[in-house]
Amino acid sequence: MARFELKLPKMGESVAEATITNWLKQVGDKIEADEAVLEIATDKVDSEVPSEVSGVLVEQLFGKDDLVQVGQTIAIIETEGSATVDVAMPVAVAQAAAVIEKTVEAVKEDLATPADFSASDKFFSPLVKNIAKQENVSVTELEGISGTGKDNRVTKEDILKFVESRKSQIATPKPIAQTAQPAMITPKTSTSAVPVSVNGGDEIVEMDRMRKLISGYMVASVQTSAHVQSFIEVDVTNIVKWRDKVKTAFEKREGEKLTFTPIFMEAVAKALKDFPGMNISVDGDYIIKKKNINLGMAAALPNGNLIVPVIKNADQLNLVGMAKAVNDLGNRAKLGKLKPDDTQGGTYTVTNVGTFGSVFGTPIINQPQVGILALGAIRKVPAVIETPEGDFIGIRQKMFLSHSYDHRVVDGALGGSFVKRVADYLEAFDANRDF
């Protein structure tokens, strides 16, 4: 028998770690090549880790909710063969276990029920929250840590330094002076009892992992960017007529359904080329001008949560290429098959609030981008039509574009001009064009 090391695979640019959310196979189970062994989660997307070989799972080196680095061995699979590979638990894991054990022993008297980090108004990464849970760091303590990361976020190094400092204080008790609480910190009270409905009619449900992440991102974005909105109404009658005319032939030739989304994405990509000041990000006091135009496409998941897959180099795609990219990402989002790299690198985001019947909306910026466009519902409305022979009232297909942008770096002239250019491209759509 041979022993194969199943490692956490590279999951895309800037993704260095993941949390194990569920083991699909248990010790002793048979595994086929390419069969999923466990489910993992990054701060952007959930995915599965398949086995590269067939065999029997003989060891799980990590448990549920453990944080694993890319390249670390997470399981041992016994296969047919003569070579045997001795695999010990990674040194980092053993050291982490030792630190956790010592810390738990040192603070046993102060242990309380697990902290509810979702109650905090501050954003903490899954890694930081995982360490906080392991080291029994309360919400109040976590909020009091001075973060050195982007937007003053608490990093792995920050919380580990805090844990080491706290251990030193426990080992050598010192008198605690009376000090005032920082103005930005609101102490949270942790209770062990779960709220119970008096009449039995209410139901208390904990947010799932993704909803907690979305909640943190939204609060952090509002606290970071000065949101301003511009709205413009667009006549898309030509687009509606053209799509109705060609959608059947398009699907027959290309094997793809033709929705309105790729048409809108094409217009946004063109406008971003015209106004590169919208294709930027902010890092502290610095503006980063993005070379590539990577369009984020907000997509609703079956459970009601949102995810934003990214169309890379969107300005280089024709309408057919855009339709294929939109359909591929949308379908894989619904099936939970997105890869971590599919949600990375976005430079501007588009969200379709019209899907749910909304006429317009005020979307929250997807950090660290500086703008997001909401597409409203297309409606038949009476409109004044100007002709050389005079004005008359006619039925037109219209929609609203809602542009939210970061007023720290985007003034009204740029924000308004950009969304107007998108509208111009849509209204100038050639109803006689080929696809």
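Every heavy atom of this structure was used, including side-chain atoms; hydrogens, water molecules and symmetry mates were not.
Judged by distance alone, with hydrogens and angles left aside, the side-chain atoms of His403 form no donor-acceptor pair with the main-chain N or O of Gly416 at under 3.5 Å. A donor-acceptor pair under 3.5 Å links the side-chain atoms of Ser404 to the main chain of Pro363, judged by distance alone. Side-chain N or O atoms of Glu266 include none that pairs as donor or acceptor with a backbone N or O of Ala314 at under 3.5 Å. Checked by atom type and distance alone, the side chain of Asp66 never pairs as donor or acceptor with a backbone atom of Phe62 at under 3.5 Å. Without hydrogens or angle criteria, Asp158 side chain to Thr155 main chain gives a donor-acceptor distance under 3.5 Å. Between the Glu141 side chain and the Ser138 main chain, a donor and an acceptor come within less than 3.5 Å of each other. Not a single donor-acceptor pair under 3.5 Å links the side chain of Ser215 to the backbone N or O of Arg211. The main-chain N or O of Val320 is found under 3.5 Å from a side-chain atom of Asn318 such that the two form a donor-acceptor pair. Side chain of Asp411 to main chain of Leu414: no donor-acceptor pair is present (N/O by atom type, distance under 3.5 Å, no hydrogens or angles). Distance alone, capped at 3.5 Å, places no donor-acceptor pair between the Ser221 side chain and the Met218 backbone.
We find the CG-CG distance between Asn331 and Leu338 to be 10.0 Å, quoted to the nearest 0.5 Å. Distance check, rounded to the nearest 0.5 Å: NZ of Lys25 to CD1 of Ile77 gives 10.5 Å. Separation of atoms CG (Leu272) and CG (Leu373) is listed at 9.5 Å; rounding is to 0.5 Å. Rounding to the nearest 0.5 Å gives a distance of 14.0 Å between CD1 of Ile311 and NZ of Lys324. Rounding to the nearest 0.5 Å gives a distance of 11.5 Å between NZ of Lys129 and CG of Asp65. Taking NZ of Lys339 as the reference point, atom OG of Ser47 lies at 10.0 Å (rounded to 0.5 Å).
Counting heavy atoms from C-beta outward, Ile365 and Val370 have side chains that stay 4.5 Å or more apart. A heavy-atom distance below 4.5 Å is found between the side chains of Leu6 and Ile74. Side-chain contact check for Phe250 versus Glu256: some heavy-atom pair is nearer than 4.5 Å. The closest side-chain heavy-atom distance from Ile40 to Val68 is not below 4.5 Å. Between Lys312 and Asp341, the closest side-chain pair of non-hydrogen atoms falls below 4.5 Å. Counting heavy atoms from C-beta outward, Met278 and Val410 have side chains that approach closer than 4.5 Å. At a threshold of 4.5 Å between non-hydrogen side-chain atoms, the residues Leu57 and Gln26 do not count as touching. Using a 4.5 Å cut-off on side-chain heavy atoms (C-beta onward), Ile145 and Leu142 make contact.
By the salt bridge (charged side-chain N to carboxylate O under 4.0 Å, His left out) test, Lys257 pairs with Glu251, sequence neighbours left out.
What you find for Phe418 and Ala271 is that their closest heavy atoms are CE1-CB, 3.5 Å.
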Practice problem: Show the numbers, then the answer: is there a side-chain contact (heavy atoms from CB on, under 4.5 Å) between Gln369 and Ser281? | Solution: CA-CA 5 Å; Gln369 299 167 22; Ser281 64; 5.9 Å; no

Exercise. Begin with the C-alpha distance, continue with both residues' side-chain angles, and end with the deciding distance and a verdict on salt bridge (charged side-chain N to carboxylate O under 4.0 Å, His left out) for Arg332 and Asp328.
Key: CA-CA 6 Å; Arg332 286 197 286 124; Asp328 173 56; 3.0 Å; yes

Practice problem: Please assess Met399 against Phe264 for the test side-chain contact (heavy atoms from CB on, under 4.5 Å), listing each intermediate value before the final yes or no. | Solution: CA-CA 12 Å; Met399 65 182 294; Phe264 298 143; 3.6 Å; yes

Quiz item: Passes side-chain contact (heavy atoms from CB on, under 4.5 Å), Val308 versus Thr349? Steps please.
Solution: CA-CA 8 Å; Val308 186; Thr349 297; 4.0 Å; yes

Quiz item: What's the verdict on side-chain contact (heavy atoms from CB on, under 4.5 Å) for Val353 and Phe360, showing C-alpha distance, side-chain angles and the deciding distance?
Solution: CA-CA 7 Å; Val353 299; Phe360 57 81; 5.7 Å; no

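Centroid-to-centroid, the aromatic rings of Phe231 and Phe400 stay 6.0 Å apart or farther. Taking the centre of each ring, Tyr348 and Tyr405 stay at or above the 6.0 Å mark.
Relative to the six-membered ring of Phe260, Arg243 meets both conditions, a distance below 6.0 Å and an angle of at most 45° to the axis.
In Glu78, the CD atom is crowded: over 12 heavy atoms of neighbouring residues, nucleotides or ligands sit closer than 6.0 Å.
With no hydrogens or angles considered, no side-chain donor-acceptor pair links Glu32 and Ser51 at under 3.5 Å.
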Could you go through residues 285-302 and list every donor-acceptor pair under 3.5 Å that involves a side-chain atom there, pairing it with any protein atom two or more places apart or in another chain?
unit_1	atom_1	unit_2	atom_2	d
Asn294	OD1	Asn313	N	2.8
Asn294	ND2	Gly345	O	3.0

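For residues 354-365, the pairs satisfying side chain to side chain donor-acceptor pair (under 3.5 Å) are Asn352-Thr355, with sequence neighbours left out.
For Asp406 and Arg408, the salt-bridge test passes: some basic side-chain N is under 4.0 Å from an acidic carboxylate O. A salt bridge links Lys420 with Asp424: the closest approach of a Lys/Arg side-chain nitrogen to an acidic carboxylate oxygen falls below 4.0 angstrom.
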